[in-house]
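Some notes on the structure that comes next.
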Amino acid sequence: MSDLKQSAFNQFSNLSARLNLDSGDAWQVHDQALVMKKAGDDVVMLSIGDPDFRTPEPIVDNAISHMRVGRTHYSPALGELNLRRAVADYESRISPLACSENEVSIYPGVTSAIYSVMSCLLNAGDEVLIVDPLYVGYTPILTALDLKVSVVLASPEYQFEPQLNDFKSAITDDTKVVFINTPGNPTGAIIPLETLQALASYCLEKGIWLVCDEVYSMFTYEKPHISLRTAAKQLENVVVIDGLSKSHAMSGWRIGWVVAPAELTQHLGRFSAMSIFGCPQFIQDAAAFALNNDEYYVREMCAQYQTRRDLVCARLSQMPGVKYLKPESGMFIMVDISPIYKDDKEFAQKLLNAEKLSVLPGSAFGTGTTGHIRLSLVQPENILTEGCNRLERFLQACLSDQ
Ligand SMILES: Cc1ncc(COP(=O)(O)O)c(C=O)c1O
């Protein structure tokens, strides 16, 4: 082949170039830990974000029975009506404003739902306002779409809850979308009703879309989840995204949904028709079954996460020099190690080297959690206890080196 032709195969789109990001050091320690574990090392992995529970058995059985009766064909781009109705019923149960299936569309997971919504709302160069700290998976989506990103900082001083006045100061005439996440990853913070309500009204007044990722909605401890749809007085500019990956331990099934005004839902349907072209029927059937029937299992898993959270928090409260906020939701605990060690990435690396404990550095999630480490609760209690033993030993060693 000529050099000229060959060089054509080294050239890719601008989108490919943008996505070829350096993911920084976020996953460096986690990736090393996986290699060590594979090689037989006794590594404790507290850096994982995938539920360790199995998908509840009745959901699995439901999917299998639907496969057996031939629910294995193409599905409408917006999703199967039975699931869209189940989502609309669920949303109507948790919000004073009724939801109809015309406002619901189905996706293979929340990630795909977010990408679809942003694609239908924004052009390259448009401004989106996000909250720092944020879920690491958002950055590639915003980058892929070539958006201008501005940031509201949610600091530990306010339990990582973003403040209304900070949103108001960060919103400009160019802001097209405000993108929030409650309950939040990585901090578990729940945005209070008053903030959501006032933010929704402010955005409506300014002609700005308010998009909320609520993938941890069924995953709250002492406080109930407050959906943006519950808080907002009007829904013209409100988009809620949710799914079953976390609450139902169904991350690999890939099921998420968007609840949005009917006109936007029609655009989303056209977007899906040329991109995902529908989700598997038997998975949608099982997801509808899950939403209609399985609150017991969700409560059971949530209670176990809560027990794990309490166990780890009780241990952290005995450890020297660190601070933490007891998360209100989700499966992570952010631990402030800055009084003991300045650089969170270096801390995570040394912790892995010294104690074979894998955690994520907080700086991976933004400025708000820099100086922290993220401990994940998706391990059984004996592993969490062992992880805490190792962390405590390492902290003591750091202190005695000072
Ligand atoms: C806040 C948040 N949104 C979205 C996702 C991805 O969800 P899904 O697996 O349904 O794409 C995650 C996964 O960790 C998350 O934490």
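What you are looking at is a predicted structure, and each value in this text was computed from that prediction instead of being measured. Counting starts at 1 for both ligands and their atoms, following the listed order.
- When the shell of 6.0 Å around CD of E346 is examined, it contains more than 12 heavy atoms from other residues, nucleotides or ligands.
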Show me a pair-per-line table, with atom names and distances to 0.1 Å, of protein N or O atoms that are under 3.5 Å from an N or O of ligand 1.
from	atom 1	to	atom 2	distance (Å)
ligand 1	3 (N)	D213	OD2	2.6
ligand 1	9 (O)	S245	OG	3.2
ligand 1	9 (O)	R254	NH1	2.9
ligand 1	10 (O)	V110	N	2.8
ligand 1	10 (O)	S245	OG	2.7
ligand 1	11 (O)	V110	N	3.2
ligand 1	11 (O)	T111	N	2.9
ligand 1	11 (O)	T111	OG1	2.6
ligand 1	11 (O)	R254	NH2	2.8
ligand 1	14 (O)	K246	NZ	2.7
ligand 1	16 (O)	N185	ND2	2.7
ligand 1	16 (O)	Y216	OH	2.9

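- Within a 6.0 Å radius of CD in E263, other residues, nucleotides and ligands contribute 12 heavy atoms or fewer.
- Within the structure, every pair that satisfies the salt bridge (Lys or Arg N to Asp or Glu O under 4.0 Å) test and touches residues 382-402, not counting sequence neighbours, is listed here: D42-R390, R315-E392, E355-R393, E386-R390.
- If you look at F53 and Y305, their ring centroids are closer than 6.0 Å.
- Residue W257 is tested with V240, L291, L83 for a side chain to side chain contact (heavy atoms under 4.5 Å, CB included); the sole match is L291.
- Other residues, nucleotides and ligands contribute at most 12 non-hydrogen atoms within 6.0 Å of the CE atom of M67.
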